[in-house]
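Comments concern the structure below.
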Amino acid sequence: MSVASEDRASALARVVPIVLPAHDEATTVRLGRAELVLENRRGSFSLLWSDGRDARRFVLGLAGQGELCVALRAPRFPVRCVPADVLTLVPSARLRGYVTIPLIPTVVWRDDAGATHKLVELLPSELRGVWSEEEGHAFRVGVQWLTRFPYAGGQPQAVLPLRLYNASSETISPAGFDVEVTDDQLGELRGSLVARPRRIHLSPDAMAGRASGDVTAGGGGA
């Protein structure tokens, strides 16, 4: 079996095409640490995905006319960011920095009529699904608070500039804060995918903040 390799820095692109391999051939696409391998065996396409810790296999039936790609998409539910560091803000204090949010590699088929069909969502292991009666479905991810714009490491993630503000009269150490990122809020900056900056007001009641609005887009405003 011959292998046609497409070794791309695909985390820097929102959409990466996957060339349909000929019979008994395969196409490889890399997404940071992960690898996608599409094999063609007697009209059945096997999609193999591995990130070095976990591996999954999907069997796809694809039509003769159409295009296959993997798109990096924002999580469709709110994300609870849990800092690895202890963040403490005195009354009226502001804290500026960055966190990174995992994006979801999504295998998409575009048919000959131009319609798109979502086939597979490859949820990263660090993005954990949670549910509560109050909030419903959400994701939870551990984050590191960064004081400088992170280096573009080629991983499928988005840089999120943040500005936390303690508007109360008490000192606050938030255990986490919720953010929502959508596909239309993603852009490119310094070789990375970047979400619009967020300004989050912290309250002592919830001990966590909610995004109260967007700062000017561009990634440098936090």
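FYI, side chains are in, hydrogens and waters are out, and symmetry mates aren't considered; it's all heavy atoms of this structure.
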### Query
Are any non-hydrogen side-chain atoms of Leu103 and Ile101 less than 4.5 angstrom apart?
no
### Task
Using the salt bridge (charged side-chain N to carboxylate O under 4.0 Å, His left out) rule, take Asp51 and Arg33 through it: C-alpha gap first, then chi angles, then the decisive distance, then the call.
CA-CA 6 Å; Asp51 64 356; Arg33 294 185 300 268; over 6 Å; no
#### Entry: Residue pair Arg41, Ser46: steps toward the side-chain hydrogen bond (donor to acceptor under 3.5 Å, both in side chains) verdict
CA-CA 8 Å; Arg41 294 291 183 89; Ser46 294; over 6 Å; no
### Query
Is the side chain of Asn166 donor-acceptor paired with the backbone N or O of Ser92 at a distance under 3.5 Å, no angle test?
no
### Query
Linking I/L/V/M/F/W/Y whenever any side-chain heavy atoms sit under 4.5 Å apart, do Leu48 and Leu68 land together?
no
### Task
Compare every heavy atom of Ala195 with every heavy atom of Pro161, then report the nearest pair and how far apart it is.
CD-O, 3.4 Å
### Summary
For Gly114 and Arg110, the nearest pair of non-hydrogen atoms, with its separation, is O-NH1, 3.3 Å
#### Entry: Residue pair Ser44, Arg42: steps toward the side chain to side chain contact (heavy atoms under 4.5 Å, CB included) verdict
CA-CA 6 Å; Ser44 294; Arg42 299 183 181 275; 5.9 Å; no
### Query
Would Thr106 and Lys118 satisfy side chain to side chain contact (heavy atoms under 4.5 Å, CB included), going step by step from the backbone distance to the final call?
CA-CA 7 Å; Thr106 304; Lys118 181 175 66 177; 3.5 Å; yes
### Message
Tell me whether Val82 shares a hydrophobic cluster with Val99, the cluster being built from Ile, Leu, Val, Met, Phe, Trp, Tyr side chains joined at under 4.5 Å.
### Response
no
### Task
Check the pair Ile104 / Leu127 against side chain to side chain contact (heavy atoms under 4.5 Å, CB included), numbers first and verdict last.
CA-CA 9 Å; Ile104 300 177; Leu127 197 64; 4.1 Å; yes
### Query
Under the 3.5 angstrom rule, does the side chain of Thr27 hit a backbone N or O of Val19 as a donor-acceptor pair?
yes
### Gap separating the CG atom of Leu36 from the CZ atom of Phe58, nearest 0.5 angstrom
9.0 Å
### Check: Ser192 side chain, Val194 main-chain N or O, donor-acceptor pair, under 3.5 Å
no
### Task
Please answer: with hydrophobic residues joined when any side-chain heavy atoms are less than 4.5 Å apart, are Leu164 and Ile172 in the same cluster?
yes
### Query
Atom CG in Leu62, atom CD in Glu67: separation rounded to 0.5 Å?
12.5 Å
### Summary
Which of Pro78, Cys81, Pro75 passes side chain to side chain contact (heavy atoms under 4.5 Å, CB included) with Val179? Answer is Cys81
### Query
If you round to the nearest 0.5 Å, how far is CG of Leu89 from CG of Leu87?
7.0 Å
#### Entry: N/O donor-acceptor pair under 3.5 Å between Arg198 side chain and Arg196 backbone
yes
### Query
Looking only at heavy atoms, what is the nearest atom pair of Glu126 and Pro102, with distance?
CG-CG, 3.6 Å
#### Entry: Distance, nearest 0.5 Å, that separates CZ of Arg80 from CZ of Arg140
7.5 Å
### Message
Let me confirm one number: the CG-CG distance from Asp183 to Leu72, rounded to the nearest 0.5 Å.
### Response
9.5 Å
### CG on Asp24 to CG on Asn40, rounded to 0.5 Å
7.5 Å
### Message
Could you report the tightest heavy-atom contact between Val15 and Pro17, atom names first, then the distance?
### Response
O-CD, 4.1 Å
### Minimum heavy-atom distance between Phe45 and Leu38, given as atom pair plus value
CB-CD1, 3.9 Å
### Query
Linking I/L/V/M/F/W/Y whenever any side-chain heavy atoms sit under 4.5 Å apart, do Val108 and Leu119 land together?
no
### Which atom of Pro83 lies closest to which atom of Gly176, heavy atoms considered
CD-CA, 4.0 Å
### Message
If we ignore hydrogens and angles and just use 3.5 Å, is the side chain of Asp112 paired with the main-chain N or O of Gly66 as donor and acceptor?
### Response
no
#### Entry: Polar contact flag, side-chain donor to acceptor under 3.5 angstrom, Ser125-Arg53
yes
### Message
Do Trp145 and Leu95 have side chains that approach each other closer than 4.5 Å (heavy atoms only, starting at C-beta)?
### Response
yes
#### Entry: Min side-chain heavy-atom separation Val120-Trp49 under 4.5 Å
no
### Query
Mind checking whether Trp109 and Asp111 have side chains closer than 4.5 Å, heavy atoms only?
yes
### Query
Is it true that Glu121 and Arg76 have a side-chain N and a carboxylate O under 4.0 angstrom from each other?
yes
### Query
Would Leu160 and Tyr165 show up in the same hydrophobic cluster when neighbours are defined by side-chain heavy atoms closer than 4.5 Å?
no
### Query
With a 4.5 Å limit on heavy-atom distance, are the side chains of Leu193 and Val159 in contact?
no
### Task
Determine, step by step, whether Asp178 and Val79 satisfy the side chain to side chain contact (heavy atoms under 4.5 Å, CB included) criterion, reporting the C-alpha distance in whole Å, the side-chain angles of both residues, the deciding distance to 0.1 Å, and the verdict.
CA-CA 6 Å; Asp178 297 336; Val79 179; over 6 Å; no
### Query
Is the backbone of Gly187 close enough, under 3.5 Å, to the side chain of Arg14 for a donor and an acceptor to pair up by distance?
no
#### Entry: Geometric cation-pi criterion, Arg128 with Phe139: 6.0 Å, 45°
no
